[in-house]
Amino acid sequence: MAYWLLKSEVDAWSWDQQKKEGRKGAEWTGVRNYQARNNMRAMKEGDLGFFYLSGGDKSVVGIVTVVKEAHPDSTDGSGQWECVDVAAVADLPQPVTLAEIKTKPKLEDMVLVRNSRLSVQPVTEAEWRAVCAMGGISDPPSV
DNA sequence: GCCAACGTTGGC
DNA sequence: GCCAACGTTGGC
């Protein structure tokens with residue numbers, strides 16, 4: 001079991017859209033990068049992840065959980081790309097911006113900071129707790 | 001809007 | 001298999 005961070009552009013897939021899908025969740029489509037795909041392949045049902053918005057807000061706004069493990073991406077015709085299904089679990093009471101994350105020495109090794117372009121990233125347990133705390137969740141969900 | 005960083009492509 | 005050229009992403 002593990003923690004992750006999933007990136008989205010608000011125009012492509014917003015947190016509101018994600019929440020509307022409810023507990024059944026929705027396919028996390030559109031990933032066309034091998035490293036990101038491999039990370040999705042490693043996901044287990046019940047894993048938790050941050051929902052991060054790149055572009056305008058650049059912040060972690062919510063928590064999702066994996067409800068279906070990797071399977072072919074229905075938006076891909078080549079059969080080469082896969083996706084998982086994720087469902088919204090909770091809002092962060094206070095979104096955590098990239099700028100804030102960068103001010104914390106213990107978060108300087110987050111993939112988000114080190115390799116901002118990777119759209120599906122692993123998150124360590126320590127990072128998970130720290131960002132949850134910054135977001136106003138005192139008792140973070142755990143895997 | 002710019003540009004650095006990164007991944008992919010394709011010629012050799 | 002190397003590497004230059006190119007396209008894309010995403011922070012600023």
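All chains are named by letter (A, B, ...) in the order of the sequence lines, taking the proteins before the strands, and each is independently numbered beginning at 1.
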field: Lys104(A) bridged to Glu108(A) by N-O distance under 4.0 Å
entry: no
message: Rounded to whole Å, how long is the line connecting atom CG of Leu118(A) with atom P of dG7(B)?
response: 8 Å
- request: Round to the nearest Å and state the distance from Asp57(A) atom CG to dG10(C) atom P.
  value: 14 Å
- request: State which of dG7(B), dT8(C), dG11(C) makes the closest approach to the side chain of Tyr52(A).
  value: dG11(C)
task: Determine, stepwise, if the pair Glu127(A) / Tyr3(A) fulfils side chain to side chain contact (heavy atoms under 4.5 Å, CB included).
output: CA-CA 9 Å; Glu127(A) 291 162 354; Tyr3(A) 301 97; over 6 Å; no
field: Of the listed nucleotides dA5(B), dG7(B), dG10(C), the one nearest the side chain of Arg117(A)
entry: dA5(B)
- prompt: Rounded to the nearest 0.5 Å, what separation is found between the CG atom of Leu53(A) and the CH2 atom of Trp15(A)?
  reply: 9.5 Å
- request: Report the distance from atom CZ of Arg37(A) to atom C1' of dT8(B), rounded to the nearest whole Å.
  value: 14 Å
message: Mind checking if Leu98(A) touches a base, just sugar-phosphate, or nothing, with heavy atoms under 4.0 Å?
response: sugar-phosphate
message: In this structure, how many angstroms lie between the P atom of dT9(C) and the CZ atom of Arg114(A), rounded?
response: 24 Å
field: Value in whole Å for how far the P atom of dG10(C) lies from CD1 of Ile101(A)
entry: 15 Å
task: Return the orientation label for the Tyr34(A) and Trp81(A) ring planes: parallel under 30°, perpendicular over 60°, tilted otherwise.
output: tilted
Nearest-angstrom distance from the residue atom CZ of Arg32(A) to P of dG10(C): 14 Å
query: Salt-bridged, Glu45(A) to Lys68(A), with N to O below 4.0 Å?
result: no
message: With a 4.0 Å cutoff (strictly under), does any side-chain N or O of Lys102(A) reach OP1 or OP2 of dC12(C)?
response: yes
- prompt: Would one find a side-chain N or O of Tyr34(A) under 4.0 angstrom from OP1 or OP2 of dC6(B)?
  reply: no
Atom-pair distance (CG on Asn33(A); P on dA5(B)), nearest Å: 18 Å
- request: Using whole Å, report how far CG of Asn38(A) lies from P of dG7(B).
  value: 12 Å
Distance below 4.0 Å between Lys58(A) side-chain N/O and dG10(C) OP1 or OP2: no
